Amino acid sequence: MLLLLLIFSNFLPFISTTSDYTNYSLIRFQVDLTSNTLEKLEKFDSEFDEKSNSWKVLLDIWAEPSKSHPFVDVLVAPQFMRQFKSMLTSMEIGSLTILEEDIQKHISLERKTMLETNQLENKNRRKRRELGSNWKNFNTHMYHPYSNMIDFMTVLADQKPDMVEKFKVATSSQGRSIYGVRIHPPRKSNPEKPSIIIDAGVHAREWIAPGVALYIIKRLVEGYGNDDKITKNLDKFDWYIFPQVNPDGYEYSRTEDRLWRKTRSKNETVNRYCHGADANRNWGYRWGEVGANRTPCSNIYMGSHPYSEPEILGLKDYFTWQITNPMIYFSLHSYGQLFLSPWGYTNQRTDNHFDQQSAAREAVNAIKNTTGVIYKSGTISEMMYPASGTSIDYMQHLGVPYIYGVELRPNELAGSGFNLPESFIKETGDEMIAALQAISEHAVRVKKL
Ligand SMILES: *[C@@H]1O[C@H](CO)[C@@H](O)[C@H](O)[C@H]1NC(C)=O
Ligand SMILES: *[C@@H]1O[C@H](CO)[C@@H](O)[C@H](O)[C@H]1NC(C)=O
Ligand SMILES: *[C@@H]1O[C@H](CO)[C@@H](O)[C@H](O)[C@H]1NC(C)=O
Ligand SMILES: [Zn+2]
């Protein structure tokens, strides 16, 4: 009972972060896709700052080029700008566009909005306190601290035991428990029932992803028995949702460095100063091949060995051994409005390429129909640079038929990038539900489920 009374009440005022991105600008330039421009630039991504005794970001790739859009968007530190420009000149890249002059403005604006939402939420919560704590009171239209996400899952599983199970999949490097929920109709599912798997938060700074995952959890539970499409879907599929799989990185991005991407693991033999690995380069299938980085300070560092990150090891074991009939897998990221399919490590097509792509096109149409927003689809290596050690390739290797790394909103033109305002959670969540429903219907048809 005590738990229920305390629930959702630990809203701390937002702690100010130490990293500052004042005058860091977002720059766009065109590249030849066959050149190794990105690899060359990545070598300069950070430097050791003696004053603060820490590594500072000099350059960070925010959007990779693709065939249909051969532009790179990079965040460039003001102290690196001159060198950056002369490097581009030496690579015969002429024209640059400044998309944003000062990315800190977006970070500060986000912080201000969140403080306002928090104040309002605290006021509402005091009013609601008399009504007791209920999973329905969890506000999915805001970005939450990790502890609130756990509280929500706990209360939901307590209050809806007939259709929600909460389970632990891993303990993070810093000791945080990582959970998933299984959502199914209020009766026992047959063991061969197909499943939909969603993970989010792999990359710490992509806050819209956990926001959307939590929104989906709540919508499914509210919708069963009230919304025909959701009811029909849950009767057909069980859903496994892992709303925040990199809580160390997420909390670090909330309190220290808003643009943190990796986990927060430490390996003193590898590097004393740089923490974390890119959790989406750490999976064991084709680990460490193209598009992964061996430098521990890099933002796409693949880790010291496959599954060096306990978060990813736990997730892999769960996906592999605990889910009997995985049918659809979504890994939620941001940003760019893309559906990315395997393979990431090679340009070759998967055996089920055409079916996977036609399901993706149905998802794209369903989104257009729901919110009017345009997503694009293709394979990782087709739409972006190749990447290996991703969950997408692992799941393809496991034989899951419908696999998508989803880059959520905004599209690449909006300068807000990772700082997408909370007010977008609902629409972005609604379009993901529409996409998942479309792919489910496709799967039912093609796989005769
Ligand atoms: C950022 O740029 C503006 C305009 O050039 C300048 O006035 C300001 O001092 C710079 N701020 C920092 C912290 O470098
Ligand atoms: C740290 O890195 C070393 C060298 O790559 C590796 O052998 C070791 O397993 C790593 N330790 C952990 C805890 O991952
Ligand atoms: C789009 O919406 C209309 C009207 O709700 C519906 O009839 C149609 O099937 C939808 N198309 C897709 C691709 O979801
Ligand atoms: Zn990501």
Side-chain angles (χ1 to χ4, degrees), residues 19-25 49 51-52 56 60-64 73 76-82 98 100-105 107-108 171-175 198-213 244-246 249-250 253 259-272 274-284 287-288 291-296 299-313 330-340 344 380 383-385 387 389-392 404-410 412 417-418 420:
S19 289
D20 185 72
Y21 289 94
T22 302
N23 290 348
Y24 274 64
S25 32
D49 179 48
K51 245 192 278 161
S52 63
K56 282 229 165 4
D60 184 11
I61 296 164
W62 277 25
E64 296 187 352
D73 296 348
V76 182
Q79 69 270 29
F80 187 60
M81 189 57 87
R82 202 137 44 102
I98 299 175
E100 285 296 320
E101 288 198 316
D102 178 11
I103 212 69
Q104 184 62 34
K105 273 196 196 127
I107 296 175
S108 306
T171 304
S172 72
S173 294
Q174 295 180 331
I198 302 172
D199 67 34
V202 174
H203 291 143
R205 63 193 177 187
E206 301 166 4
W207 289 6
I208 184 65
V212 161
Q244 179 50 268
V245 300
N246 177 13
Y250 180 68
S253 79
L259 297 177
W260 188 256
R261 166 183 167 100
K262 299 190 284 184
T263 59
R264 292 293 298 164
S265 57
K266 242 191 242 181
N267 187 331
E268 300 257 330
T269 43
V270 171
N271 192 294
R272 274 175 60 204
C274 292
H275 293 215
D278 184 338
N280 205 30
R281 298 290 183 279
N282 195 237
W283 291 73
W287 176 83
N293 193 302
R294 288 169 200 281
T295 325
N299 240 346
I300 54 168
Y301 174 50
M302 61 198 193
S304 60
H305 52 271
Y307 307 114
S308 59
E309 307 311 291
E311 298 85 352
I312 297 309
L313 180 62
F330 267 33
S331 188
L332 301 181
H333 290 253
S334 72
Y335 58 99
Q337 294 171 201
L338 303 169
F339 283 86
L340 301 167
I380 296 181
M383 305 286 286
M384 297 186 157
Y385 267 46
T390 66
S391 62
I392 297 303
Y404 306 95
V406 186
E407 300 288 354
L408 298 166
R409 295 197 202 183
E412 90 284 344
F418 302 108
L420 187 68

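Note that ligands are numbered from 1 as they come in the structure, with each ligand's atoms numbered from 1 the same way. Quick caveat, the model's predicted, so the values are computed rather than measured.
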Answer key: the N, O or S atom of H333 nearest to the Zn ion (ligand 4) is ND1
N, O or S atom within H203 nearest to the Zn ion (ligand 4), by name: ND1
Min side-chain heavy-atom separation R281-N293 under 4.5 Å: no
Could you check if a side-chain atom of I380 sits within less than 4.5 angstrom of a side-chain atom of I392, using non-hydrogen atoms only? yes
For residues [X] and [Y], report the shortest heavy-atom separation together with the two atoms involved.
| X | Y | result |
| --- | --- | --- |
| P310 | S172 | CG-C, 4.0 Å |
| D102 | T22 | OD1-CA, 3.4 Å |
| Y301 | K262 | CB-NZ, 4.3 Å |

Ligand-residue contact atoms, ligand 2 with [X], heavy atoms, under 4.0 Å:
| X | result |
| --- | --- |
| H305 | 9 (O), 14 (O) |
| N267 | 1 (C), 2 (O), 3 (C), 8 (C), 10 (C), 11 (N), 12 (C), 14 (O) |
| S304 | 1 (C), 2 (O), 5 (O), 10 (C), 14 (O) |
| T269 | 1 (C), 2 (O), 3 (C) |

Run the ring-centre check on Y250 versus W207 and record whether the distance is less than 6.0 Å. yes
Could you please provide the protein residues found below 4.0 Å of ligand 1 on a heavy-atom basis, arranged by chain and number? T22, N23
Flag E206 as yes if one of its N/O/S atoms falls below 2.8 Å of the Zn ion (ligand 4), otherwise no. yes
Electrostatic pair D20-K56, nearest N-O below 4.0 angstrom: no
Please assess N299 against D60 for the test side chain to side chain donor-acceptor pair (under 3.5 Å), listing each intermediate value before the final yes or no. CA-CA 8 Å; N299 240 346; D60 184 11; 3.1 Å; yes
For E101, I'd like to know if atom CD has over 12 heavy atoms of other residues, nucleotides or ligands within 6.0 Å. no
